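Heads up: the structure comes next, in structure tokens.
Treat the numbers as computed from the prediction; the structure is a model and nothing was measured.
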There are 2 protein chains.
Amino acid sequence: MGAMPSVPRRAAGRPPRISRTEIIDTARRIVDEEGVERLTMRRLAGEIGSTPMALYHHVRDKDELLLLLLDDYAARMMRKPGLPAEPRERVVVVAAAIRAVLAPCPWIAEVLTADDLMSESALWFVEQILDGLAECGLSPERAVHGYRAIWYYTAGEIIVRAAAARRRAGDDRPTYRDRVFAGLDGTELPRLAEVAPQWAPLTAQDTYLDGLRALVDGLTR
Amino acid sequence: MGAMPSVPRRAAGRPPRISRTEIIDTARRIVDEEGVERLTMRRLAGEIGSTPMALYHHVRDKDELLLLLLDDYAARMMRKPGLPAEPRERVVVVAAAIRAVLAPCPWIAEVLTADDLMSESALWFVEQILDGLAECGLSPERAVHGYRAIWYYTAGEIIVRAAAARRRAGDDRPTYRDRVFAGLDGTELPRLAEVAPQWAPLTAQDTYLDGLRALVDGLTR
DNA sequence: ACCTGAACACCGTTCAAGT
DNA sequence: ACCTGAACACCGTTCAAGT
């Protein structure tokens with residue numbers, strides 16, 4: 001999606017040999033093929049046929065590179081959903097759209113910890129959430145806090161589920177949680193004992209929308 | 001919290017100069033004082049007055065060390081709060097207690113995103129949340145989903161805020177977000193443009209409890 | 001059994017210099 | 001303005017040897 005806010009200024013001097021676009025495209029390929037942990041500045045520079053330090057002329061540091069990568073991913077994946085007239089439902093639909101784009105991208109968890117999803121392509125989504133909350137009568141300040149609560153919930157859901165999936169992959173040994181549940185004291189912890197056998201299937205269910213609706217209802221009451 | 005599965009066997013040979021206890025105590029001090037990213041095997045060994053490789057005689061690798069640290073931390077920090085009679089308020093108080101323990105120690109949240117239950121010491125807290133939700137009329141299944149929603153929100157809040165704090169520390173250069181905000185189109189994104197100047201202070205405010213109350217209200221309506 | 005020193009194969013980033 | 005090479009200050013872990 002759109003150009004970066006600060007478009008590199010063409011001015012006198014040596015013409016650039018590598019571009020931010022080339023950097024991001026190559027980084028994306030490495031991440032897609034081998035995972036985010038294999039993306040290093042040195043490896044990336046080598047792949048481009050340049051030196052690590054040339055990269056620092058186009059991105060501030062590795063964190064910014066990861067942010068740009070997330071932005072790039074979001075820009076090519078984000079599709080604006082149709083907006084319901086009812087403002088609360090609009091908030092739900094837009095938050096769910098953000099989550100739908102980010103959830104299947106496994107390396108994202110590490111970048112998501114950036115303190116907001118504040119890339120260019122996400123702005124429209126944030127705007128819709130703020131607008132929906134405002135139309136429900138929230139002040140601008142409370143709308144921002146409401147958006148943040150929704151973002152916490154969404155980021156948490158994505159990160160926790162991604163970590164669970166990562167851990168589940170290729171490992172049949174009983175987890176630490178299995179062992180804890182096995183030794184559960186049903187008289188001291190009756191609610192847990194009651195649901196313990198169902199815990200795995202229950203927590204595997206996708207209930208993001210239910211929780212999101214509860215949160216939005218609570219925020220706009 | 002229980003003994004480790006493999007207790008070091010006392011046998012013939014050279015007497016140990018360092019112990020697993022000393023390793024964990026020192027590691028905890030480093031993490032408490034300077035953050036988990038400063039905990040390295042080399043640094044830890046230096047602090048103990050030994051060598052990196054001596055550590056590998058007492059822990060399998062750095063991952064195991066972090067797991068041991070998590071166990072240790074959970075066991076000594078969790079204090080049961082007083083429980084209000086009103087079930088919704090009970091849920092709020094218990095969730096806030098979990099968050100209060102984990103927030104100053106964000107590295108733990110990143111480790112424990114793998115499972116939603118980190119250890120035996122957390123079970124009592126989960127039980128109270130399930131019980132509060134059940135008393136509000138939720139079925140056992142819906143109570144588990146409600147607990148998960150609260151956990152997503154809590155884990156997300158801790159992780160996002162921790163990342164923001166990390167990013168903020170000692171860096172005055174404008175962030176990526178600053179640049180995105182600077183180029184904001186106020187006619188297309190009026191709500192965002194309105195709050196943009198206030199974004200940093202607004203998102204720095206601690207509104208965990210507000211969001212939590214909204215979520216719990218929404219879950220128990 | 002426990003510990004050491006050296007080495008391997010890496011990191012991200014700064015700095016000064018080149019074109 | 002853009003790029004390079006060398007260097008800085010680190011990593012986790014393996015290996016072979018010492019006590």
Original post:
Is there a side-chain contact between A/Glu22 and A/Arg17, using heavy atoms and a 4.5 Å cut-off?
Top reply: no
Original post:
Using a cut-off of less than 4.0 Å, is there contact between a side-chain N or O of B/His58 and OP1 or OP2 of C/dC3?
Top reply: yes
Original post:
Atom CD1 of A/Ile23 to atom P of D/dC2: distance rounded to whole Å?
Top reply: 11 Å
**OP:** Take the protein atom CG of A/Leu55 and the nucleotide atom C1' of D/dG5, then report the distance between them rounded to whole Å.
**Re:** 15 Å
Original post:
In whole Å, what separates the P atom of D/dA9 from that of C/dA9?
Top reply: 24 Å
Original post:
Does B/Ser50 have a side-chain nitrogen or oxygen under 4.0 Å from the phosphate oxygens OP1 or OP2 of C/dT4?
Top reply: yes
Subject >> Residue pairs involving residues 189-201 of chain B (criterion salt bridge (charged side-chain N to carboxylate O under 4.0 Å, His left out); sequence neighbours excluded) >> reply: A/Asp131-B/Arg191
Original post:
Tell me, which pairs form a salt bridge (charged side-chain N to carboxylate O under 4.0 Å, His left out) where one or both residues lie in residues 197-206 of chain B, sequence neighbours left out?
Top reply: B/Arg99-B/Asp206
Subject >> More than 12 heavy atoms from other groups under 6.0 Å of CZ on B/Arg38 >> reply: no
Original post:
Can you name the residues that form a ring pair (Phe, Tyr, Trp, His ring centres under 6.0 Å) with B/Tyr208, not counting sequence neighbours?
Top reply: B/Tyr153
**OP:** Go through the structure and list residues passing ring pair (Phe, Tyr, Trp, His ring centres under 6.0 Å) with A/Phe125, not counting sequence neighbours.
**Re:** none
Original post:
Rounded to the Å, how far apart are B/Arg17 CZ and C/dC2 P?
Top reply: 12 Å
**OP:** Summarise how protein sits on nucleotides 8-14 of chain D as a single string, 5' to 3': B when a protein heavy atom is under 4.0 Å from the base, S for sugar-phosphate-only contact, - for no contact.
**Re:** ---BBBB
Subject >> B/Arg161 side-chain N/O to B/Ala204 backbone N/O, donor-acceptor pair under 3.5 Å >> reply: yes
**OP:** Using both pair distances under 3.5 Å as the test, note the stems of at least 3 consecutive Watson-Crick or G-U pairs that include DNA chain D.
**Re:** C:4-8 with D:12-16, C:12-16 with D:4-8
Original post:
Would you say A/Glu188 has more than 12 foreign heavy atoms packed within less than 6.0 Å of its CD?
Top reply: no
